[in-house]
Amino acid sequence: MELFALNHAWLIPLVPAAAFIIIGLFFKEFHQLSAGIAVLAGTFSFIMSAAVVMAVLDAGISVEMPFIQKIQWIKIAGMHFSMGVMIDPLSAMMLVVVSLVALLVEIYSIGYMKGDKGYGRFFAYISLFSASMLGLNIAVNFLQMYVFWELVGLCSYLLIGFYYYRISAREAAKKAFITTRIGDFGLLIGILSLQMVFGTVDFMELRHILPVYIAANGTGLLTIIGILLFIGPIGKSGQFPLHVWLPDAMEGPAPVSALIHAATMVVAGVYLVARSYFLFAQLPELLHLIAWLGAFTAFFAASIAITQREIKRILAYSTISQLGYMMMALGVGSLTASMFHLLTHAFFKSLLFLGAGAVMHAINEEADIFKMGGLRKKMPLVFVTMTIGVLAISGLPPFAGFFSKDEILAAAAAVSMPLYIIGTITAFMTAFYMARLLFVVFWGKEQHGHVHKTSYFMQIPLAVLSILAAFAGAAGYVGGFGDWVRFGEAMPEHMNIGLAGISTALSVAAIALAWHIYVSKKYLSDIIAQKMGFIYTVSFNKYYIDEFYAILCRIFIDGIGKIMYFIDLYIIDGIVNTMAALTVYCSRIFSKLQTGQIQTYVAIFFCGVIILLVYTIVFFTKINELAAGGGF
Amino acid sequence: MHVGLTQVLILSALLFCIGLYGILVKRNLFAILMCIEIMLNAVNINFAAFNYFLPMPDLSGQVMMIFSITVAAAEVAVGLAIIFKIYHDFKTVNIDKINNMKG
Amino acid sequence: MADTMASIIFYILAIIIVVAAWGIIYCKNLVHSALSMTLCFIAIAGLYALMQADFLAAVQIMIYAGTVVILIALGIMMTRRISMDRTNMPERRYMIWTALITGGLFTCLGIIFIEYPLASVNVKPEGNTVDAIAQLLLGKYMLSFEIAAVLLLAAMIGAVVLAKGADE
């Protein structure tokens with residue numbers, strides 16, 4: 001069974017892809033059937049992924065000794081590219097996370113999307129997305145990864161713009177696509193440079209070539225390539241300054257936000273850095289940059305999340321913040337901590353998003369948390385699961401976030417104190433704004449008399465995810481996640497009691513503060529906002545980044561546009577128009593020849609024959625003369 | 001004067017040129033068709049002459065003539081049919097009057 | 001054509017062919033042109049016979065002098081007017097240009113044929129050519145033979161459709 005799973009791991013992305021084609025071509029109008037096909041394909045992928053994980057645990061596959069299966073894909077001009085399956089602990093973990101969350105989200109969507117016109121379309125896209133994301137996970141080289149990277153970007157675009165009849169959704173989809181494109185462009189150039197410098201983009205080959213190359217040539221050029229490669233993750237994983245698309249991406253349906261913009265696609269950037277960590281680990285300056293960028297993004301996004309009012313926007317900024325954490329962990333050299341946080345974050349963040357979706361679904365798609373209130377009694381299951389999610393993200397023991405966040409902070413503290421302090425402050429803010437969300441939504445005055453019932457399809461995934469959010473961290477900690485997913489030597493699992501105590505205490509304090517402000521109203525939030533005037537306004541307006549980009553766009557794009565317009569109007573159009581006029585003029589001359597008289601054509605034809613004959617005669621005469629005169 | 005390949009070829013060239021002259025000068029479609037036949041016959045004479053005068057092991061030249069004649073027969077049949085059609089549509093067989101393709 | 005007799009016959013035939021061909025163009029009456037063409041074809045058949053292509057000579061008389069001329073004559077009749085006089089007038093406007101082109105062409109061909117003569121050796125045995133042609137047609141040129149048959153069928157159908165009018 002295990003060998004079978006490894007040898008047939010290529011089916012994991014292929015079956016959802018087939019589901020996409022089947023649904024997209026034939027069953028788009030059959031709502032129940034399309035959902036059934038998608039869930040079936042998702043179940044298959046999950047079972048196969050689980051079997052792959054078992055196989056990896058049993059068959060002694062490690063980071064150094066991955067299981068690889070390749071077939072030739074492209075062969076041009078001496079370059080070979082293969083496509084295939086690369087199974088190591090890292091990709092196996094990603095496989096199981098992605099396929100599990102995808103499956104749960106698909107089940108959830110059966111209830112959530114009920115009655116929507118685009119029901120079949122939704123499941124087709126979701127299937128395509130899982131196929132692409134799973135294909136990205138098992139990529140054997142940068143090129144294959146890039147193809148799937150673009151595919152998940154496409155799915156993200158399609159699903160953000162799922163309600164395409166809403167202008168805001170269309171705009172958000174465009175924004176997401178264009179912003180990530182900036183990053184993808186850097187990534188593409190990075191991959192091409194790798195191909196040019198090393199002649200290969202294969203992960204294993206590069207891993208073997210790289211130390212030799214660095215010993216011979218140093219790291220100068222490699223740092224540039226590394227930066228180019230890292231621009232891709234900046235865009236995809238919503239790092240500053242390309243984070244602007246992620247909050248807007250919440251225009252898509254809630255399950256999409258949970259699957260794509262929280263659990264899986266946005267961590268593709270983190271995964272890319274982890275996958276090519278053999279490269280980044282050789283570049284300490286770049287790692288430093290990654291760590292600081294991650295820390296800054298984490299802090300920056302958390303400071304915005306505190307003042308936001310829309311539930312999904314808060315969660316989006318929280319996602320950016322957590323992605324910053326993961327990047328920071330990679331930057332301080334702890335691949336294990338980053339991947340561990342990726343795993344736990346996938347569970348608790350998709351749980352929070354699905355919970356938010358359930359809440360919004362119940363009260364007629366109301367998004368403002370201050371218009372919810374008092375839903376504790378009406379939606380007990382959602383309340384309990386959301387609470388678990390909030391506690392998990394806040395890093396309270398024994399929930400999942402505690403273990404992973406603590407590991408990141410410990411790794412940061414080991415490298416640089418400022419990073420640790422920023423991380424801790426961010427953790428405090430995270431706990432505060434998540435508690436704020438929870439208290440505002442579920443406590444307070446009841447504002448909605450009637451609440452739609454949450455269907456069982458939506459409840460089951462919430463329950464499963466809350467169990468995972470509660471226990472995945474402890475299980476990973478006890479089960480030796482670090483022996484398994486690692487870079488280089490396995491780091492001994494050690495719990496820094498002092499650091500863990502500090503962060504736990506801070507989280508509890510943050511939650512208590514939130515309780516005082518939003519539940520017992522000891523301090524009124526409006527007064528605080530007034531006193532903090534300037535800071536509040538800046539944070540509420542997301543540091544005016546969007547406005548800044550708009551101005552930048554206006555100056556640069558409009559300026560370039562004016563120049564281009566001039567060039568287009570007078571130079572390019574001039575050339576084109578001249579050509580067109582010339583063509584018209586010439587054709588007027590030549591159309592005179594078109595008399596409609598066959599005889600004229602025959603006459604012209606034979607004139608040509610005569611010319612050829614004369615040429616032949618002259619040519620042969622010359623040859624004869626030369627031959628006679630001994631010219632040769 | 002001794003008759004060789006050259007004389008026969010010149011005869012066929014003359015016949016060909018007469019046919020061409022007829023095609024270019026005549027306006028009547030039937031006359032043009034007849035001139036085309038003359039040109040085809042000039043070509044056939046070449047085949048026969050080459051087969052006769054050049055050292056050839058077999059009669060491939062004459063077989064080619066048979067094919068040429070076959071094509072000519074088909075051409076006459078289709079050509080006449082086209083002329084009938086033109087006559088039916090334009091009520092004339094003078095090709096000066098038929099210049100719908102004039103540019 | 002080694003002997004003088006054959007040479008004389010060739011020249012006589014050549015004169016008949018050229019004059020008859022010229023007659024096609026010269027005649028003002030289409031029917032006269034068709035008759036002139038018949039003469040031309042029969043003379044060409046004689047030329048074939050002179051060059052030991054007796055089967056081809058028979059074919060020439062049957063197909064050209066027989067069928068093709070009859071077809072064309074029939075066509076002329078079907079599109080005839082009350083008088084056949086002056087139905088076949090040459091266009092004087094084009095005469096000079098045409099004469100230049102055809103004259104040029106003939107000059108070029110003549111120069112090539114005379115300046116670069118091909119060796120004329122006759123190794124063909126005297127006698128019946130039908131057997132040899134049959135062997136070739138149904139052996140070496142089998143495929144071409146079949147294709148020619150298909151071509152004739154297509155031409156026949158095409159002629160019927162065109163002349164009758166598919167839209168009627």
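Numbered from 1 within each chain, the chains take letters A, B, ... in sequence-line order.
Within a 6.0 Å sphere centred on CG of C:L138, other residues, nucleotides and ligands contribute more than 12 heavy atoms.
Ranked by non-hydrogen atom pairs under 4.5 Å with chain C, the options B:I66, B:I23, B:L40 are led by B:I66. The residue among C:L151, C:L71, C:I63 with the most heavy atom pairs within less than 4.5 Å of chain B is C:L71. Note: B:I45 leads B:T70, B:L15, B:I45, B:I38 in heavy-atom pairs under 4.5 Å with chain C. Comparing C:G110, C:S144, C:A148, C:C40 by how many heavy-atom pairs each has under 4.5 Å with chain B, the most go to C:S144.
Both the sub-6.0 Å distance and the 45° axial angle are satisfied by C:K28 relative to the ring of C:Y26.
In this structure, chain B has no heavy atom under 4.5 Å from any part of C:A149. Contacts between C:V59 and chain B at a heavy-atom distance below 4.5 Å involve the side chain alone, from C-beta outward. Both the backbone and the side chain of C:I72 come within contact range of chain B, with heavy atoms under 4.5 Å apart. Looking at B:M64, only its side chain comes within 4.5 Å of chain C, counting heavy atoms on both sides. At a 4.5 Å heavy-atom cutoff, the contact between B:Y21 and chain C is made by backbone and side-chain atoms alike. Using a 4.5 Å cut-off between heavy atoms, B:I10 touches chain C through backbone and side chain atoms alike. If you measure heavy-atom distances from C:Y48 to chain B, the contacts under 4.5 Å come from the side chain alone. At a 4.5 Å heavy-atom cutoff, the contact between B:L14 and chain C is made by backbone and side-chain atoms alike. For B:L80, the part lying under 4.5 angstrom from a heavy atom of chain C is the side chain only. Using a 4.5 Å cut-off between heavy atoms, B:N94 makes no contact with chain C at all.
Between B:F30 and B:F84, the ring planes are perpendicular. Angles over 60° get that label, and only those under 30° would be called parallel.
Put simply, the side chain of C:L50 does not reach to within 4.5 Å of the side chain of B:Y52, judged on heavy atoms.
With 3.5 Å as the limit, one finds a donor-acceptor pair spanning the side chains of C:Q60 and B:N41. If you check the side chains of C:Y141 and B:S60, you find a donor sitting under 3.5 Å from an acceptor.
The main-chain N or O of C:A99 is found under 3.5 Å from a side-chain atom of C:T102 such that the two form a donor-acceptor pair. Judged by distance alone, the side chain of C:S36 and the main-chain N or O of C:A20 form a donor-acceptor pair under 3.5 Å.
Listed here is the closest heavy atom pair of C:I16 and C:A43: CG2-CB, 3.8 Å.
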